[in-house]
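Below is one structure; the comments refer to it alone.
Just so you know, these numbers come straight off a predicted model, no measurement behind them.
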Amino acid sequence: MDHRHRDRAYKKSRFQQELEQSVSRKLISSLLLGCLLFCIAIAAVNALSQNARREDHLESVASTFHEVYNNTSAFLLDAGHTELFLSELRNDQDNLRYLISQYNVSALVEIQLILTDSEGKVRFTTFSEGEMNLHRQEFNGIAVDNACHLMRTVYTTVYHFRANSSEYVMIHPLYRDGGYQGAAAVYLNENDWTKLFGQYQYDAILTKSNGDVITCSNSSFLSQKNANKYLPADAAQYVRVNGNRYLRSSRSLENGTVLAYSFIYSPTNYSYLFVGLLLIVLLGLSWAAMFARIMHAMTEQMVKSVDTLVREIRIIRKEDPDHIIEIDTGDEIEEIARQVNKMVRSIQELSQRNIALAEVNNRMEMQNLQAQINPHFIYNTLDNIRYLIPTDPQRAQQLIGRFIGILRYSINNTKHNVPVKDDLNYLQDYLVIQSTRFGANFSYEIDIDDACMEFIIPKLLLQPLLENSIKYGFQKKPCIHIRVRGWLGEDALYFTVEDNGGGVDETMLEQLRDILRSDEVNIEHNGLQNINRRIWLGYGGDSGLTIDSTEGEGFTVKLKLRLGGM
């Protein structure tokens with residue numbers, strides 16, 4: 001008999017079992033978090049390594065291109081060479097072949113020259129008769145005309161005669177005494193380009209800004225249908241070519257006229273992740289077993305305090321709804337008891353308030369549309385203050401002052417309509433706190449005319465719109481800017497809230513506008529709908545809210561409050 005009593009005495013209560021299970025779940029969560037942080041760390045190290053390789057490769061490609069481009073430009077623009085070109089046009093003498101041969105001896109990319117006179121006739125070329133076909137002659141004539149028309153010192157283009165074949169062309173128009181004499185066009189050898197970029201570990205593509213390929217170290221990156229064009233379908237960092245995964249990046253060269261693409265082979269390899277995760281799991285399990293006994297002792301003490309609290313709450317629920325809990329356990333349960341007492345008093349006050357609200361039922365809809373502070377804002381603000389206290393106590397003190405002002409203003413139920421200047425003070429405090437949270441990634445400006453300051457508006461009218469801009473803006477962009485404007489028109493007070501976030505597409509924009517026009521409550525997007533209805537109920541007529549957005553550029557909300565409302 002005594003044995004059975006001891007078994008019952010040591011039997012865990014349901015609460016204790018649930019508490020231990022909860023702690024166990026937290027231990028498991030911590031273990032999973034460790035695994036996640038390990039994966040993030042590995043991914044970060046890999047990303048940094050790939051970024052370094054990418055930058056080095058792009059820098060090498062850019063340096064090589066600039067060296068070839070600058071050397072060729074210097075050859076074309078050299079005063080002595082220009083004089084030889086003009087002399088050749090006048091005398092029809094073959095004095096340039098040696099000059100080209102001498103240049104090609106040390107050039108990274110060999111060149112071929114076509115010299116045309118003012119009428120477009122070819123006066124000299126280093127191309128053979130077969131290479132100087134009709135197609136090249138026609139192309140050269142058009143390119144020279146473009147160079148003269150655009151008035152560029154050196155005009156560049158790309159010549160394609162067949163698939164997988166391209167020549168970078170640089171053209172220098174020739175003038176004497178203000179009169180056009182002709183043009184010198186050099187064609188850079190494609191094979192030399194390939195040799196230059198073949199010396200690097202990774203693949204590269206050079207194109208003109210319109211996608212014309214100058215050179216490509218690996219033809220598999222180009223489309224079989226149009227091997228002389230490379231225009232990426234999207235801006236994805238990672239692409240697959242013939243089953244292989246590459247990290248793709250690009251850089252603009254020569255004032256945007258040339259694009260350099262880098263392709264770094266980047267296979268997916270999860271074996272090292274698996275080994276690391278296995279080690280973390282084994283360590284976590286050992287740690288969990290070690291703290292199991294400590295957890296058991298802690299839960300027993302907690303259960304005693306909770307049992308006391310439960311008995312007190314039962315008195316409130318079954319015997320005396322006005323009962324005040326008195327607990328002196330010296331732990332968190334004592335604080336919970338104090339909060340329960342506050343809740344009981346709040347419920348009593350709320351009951352009295354509901355009775356009063358029944359007498360003014362015709363005003364309930366507008367009161368129900370009053371904006372409320374997002375709890376996440378409170379939590380984030382408290383976190384910011386907590387981190388600022390040890391590092392910047394003066395700033396933390398200022399932030400606390402603004403936060404207290406926001407709380408007092410928002411929970412003050414004695415005023416439902418306030419002057420614009422009062423709501424503006426609240427908005428400034430709110431935006432300063434948000435700016436503290438997001439730092440350099442968030443900026444704002446407020447431009448409200450002085451003529452608007454004394455007009456009465458619904459309390460917390462603009463705050464939900466600012467909250468939406470911050471919430472949805474940061475979902476698509478790392479940095480956002482918000483602008484709040486207010487002005488007085490002939491018959492109405494106007495406000496706009498604009499952000500440069502990701503915006504929405506046309507389909508989503510029309511859906512939101514339909515929701516604003518609808519009388520049915522939309523659960524998912526009821527914020528804008530509530531503000532629109534709140535304005536219409538208070539001001540009537542054509543008062544309300546309109547929205548506009550361009551995907552990728554931002555979102556704009558405009559409010560119209562007809563004068564004479566409220």
Side-chain angles (χ1 to χ4, degrees), residues 235 371-389 391-407 409-410 418 420-453 457 459-488 493-505 508-509 512 525 527-528 531 545-559:
Q372 302 296 325
I373 292 183
N374 189 331
H376 293 291
F377 171 75
I378 298 177
Y379 303 151
N380 291 329
T381 303
L382 292 176
D383 271 342
N384 289 335
I385 293 172
R386 180 165 64 90
Y387 284 113
L388 282 174
I389 287 174
T391 59
D392 193 349
Q394 183 176 1
R395 191 178 178 191
Q397 185 175 3
Q398 295 173 353
L399 203 64
I400 290 172
R402 292 183 182 274
F403 185 53
I404 291 173
I406 287 177
L407 292 178
Y409 185 81
S410 62
V418 297
V420 171
K421 62 181 181 181
D422 290 355
D423 230 35
L424 179 58
N425 291 333
Y426 168 84
L427 291 179
Q428 289 174 332
D429 287 341
Y430 175 81
L431 288 170
V432 167
I433 290 177
Q434 293 289 28
S435 180
T436 302
R437 176 188 175 192
F438 295 106
N441 293 330
F442 174 70
S443 60
Y444 66 89
E445 60 177 308
I446 298 178
D447 182 16
I448 297 179
D449 292 345
D450 293 338
C452 306
M453 294 301 176
I457 63 172
K459 182 181 176 183
L460 301 175
L461 178 64
L462 301 178
Q463 187 268 341
L465 302 178
L466 297 175
E467 185 175 338
N468 279 349
S469 289
I470 294 172
K471 176 181 178 182
Y472 295 108
F474 277 116
Q475 288 181 358
K476 296 183 178 181
K477 288 189 176 181
C479 301
I480 64 169
H481 178 80
I482 296 177
R483 183 185 184 193
V484 180
R485 296 177 58 233
W487 68 94
L488 184 64
L493 188 64
Y494 295 90
F495 295 97
T496 61
V497 176
E498 308 169 66
D499 66 70
N500 64 347
V504 297
D505 56 27
M508 187 62 189
L509 182 61
L512 292 175
H525 301 288
L528 294 175
I531 296 173
L545 180 150
T546 56
I547 59 176
D548 196 13
S549 179
T550 300
E551 188 175 12
E553 296 182 8
F555 196 93
T556 301
V557 180
K558 183 177 182 180
L559 296 81

How would you list all residue pairs meeting side-chain hydrogen bond (donor to acceptor under 3.5 Å, both in side chains) that involve residues 476-488, not counting sequence neighbours?
Ser443-His481, Glu445-His481

Once salt bridge (charged side-chain N to carboxylate O under 4.0 Å, His left out) is applied, what residue pairs with a partner in residues 545-557 remain, sequence neighbours excluded?
Arg513-Asp548

Apply side chain to side chain contact (heavy atoms under 4.5 Å, CB included) to Leu488 and list each qualifying residue two or more places apart in sequence or on a separate chain.
Ala451, Cys452, Phe455, Leu493, Leu563

Distance (rounded to the nearest 0.5 Å) between Leu427 CG and Leu460 CG:
8.5 Å

For the CD atom on Gln475, are there more than 12 heavy atoms of other groups (residues, nucleotides or ligands in this structure) within a distance under 6.0 Å?
yes

Ring pair (Phe, Tyr, Trp, His ring centres under 6.0 Å) involving Phe474 - partner list, sequence neighbours excluded
Phe438

Which residues share a ring pair (Phe, Tyr, Trp, His ring centres under 6.0 Å) with Tyr430, sequence neighbours left out:
Phe377

For Ile446, side chain to side chain contact (heavy atoms under 4.5 Å, CB included) partners two or more places apart
Leu424, Gln428, Leu431, Tyr444, Ile448, Val484

How far does OG1 of Thr556 sit from CG of Asn500, to the nearest 0.5 angstrom?
10.0 Å

State, yes or no, whether a side-chain contact exists between Gln434 and Ile482 at a heavy-atom distance under 4.5 Å.
no

Between Gln397 and Ile400, is a side-chain contact (heavy atoms from CB on, under 4.5 Å) present by the stated rule, with each step listed?
CA-CA 5 Å; Gln397 185 175 3; Ile400 290 172; 5.5 Å; no

Under the salt bridge (Lys or Arg N to Asp or Glu O under 4.0 Å) test, which residues partner Asp423, sequence neighbours left out?
none

Determine whether Asp499 and Ile480 make a side-chain contact, defined as any pair of heavy atoms from C-beta on separated by less than 4.5 Å.
no

Mind checking the CG-OG1 spacing from Leu512 to Thr546? Nearest 0.5 Å is all I need.
12.5 Å

Is Leu388 close to Thr436 at the side-chain level, that is, under 4.5 Å between some pair of heavy atoms?
yes

Decide yes or no for Ile531 and Leu462: does some side-chain heavy atom of the first lie under 4.5 Å from some side-chain heavy atom of the second?
no

For Asp429, what residues pass the side-chain hydrogen bond (donor to acceptor under 3.5 Å, both in side chains) criterion, not counting sequence neighbours?
Arg402

I would like to know whether Phe495 and Leu465 meet side-chain contact (heavy atoms from CB on, under 4.5 Å); could you show each step before the answer?
CA-CA 11 Å; Phe495 295 97; Leu465 302 178; over 6 Å; no

Establish, yes or no, whether the cationic atom of Lys459 lies under 6.0 Å from the six-membered ring centre of Tyr426 and within 45° of the ring axis.
no

Does CG belonging to Asp447 count more than 12 external heavy atoms closer than 6.0 Å?
yes

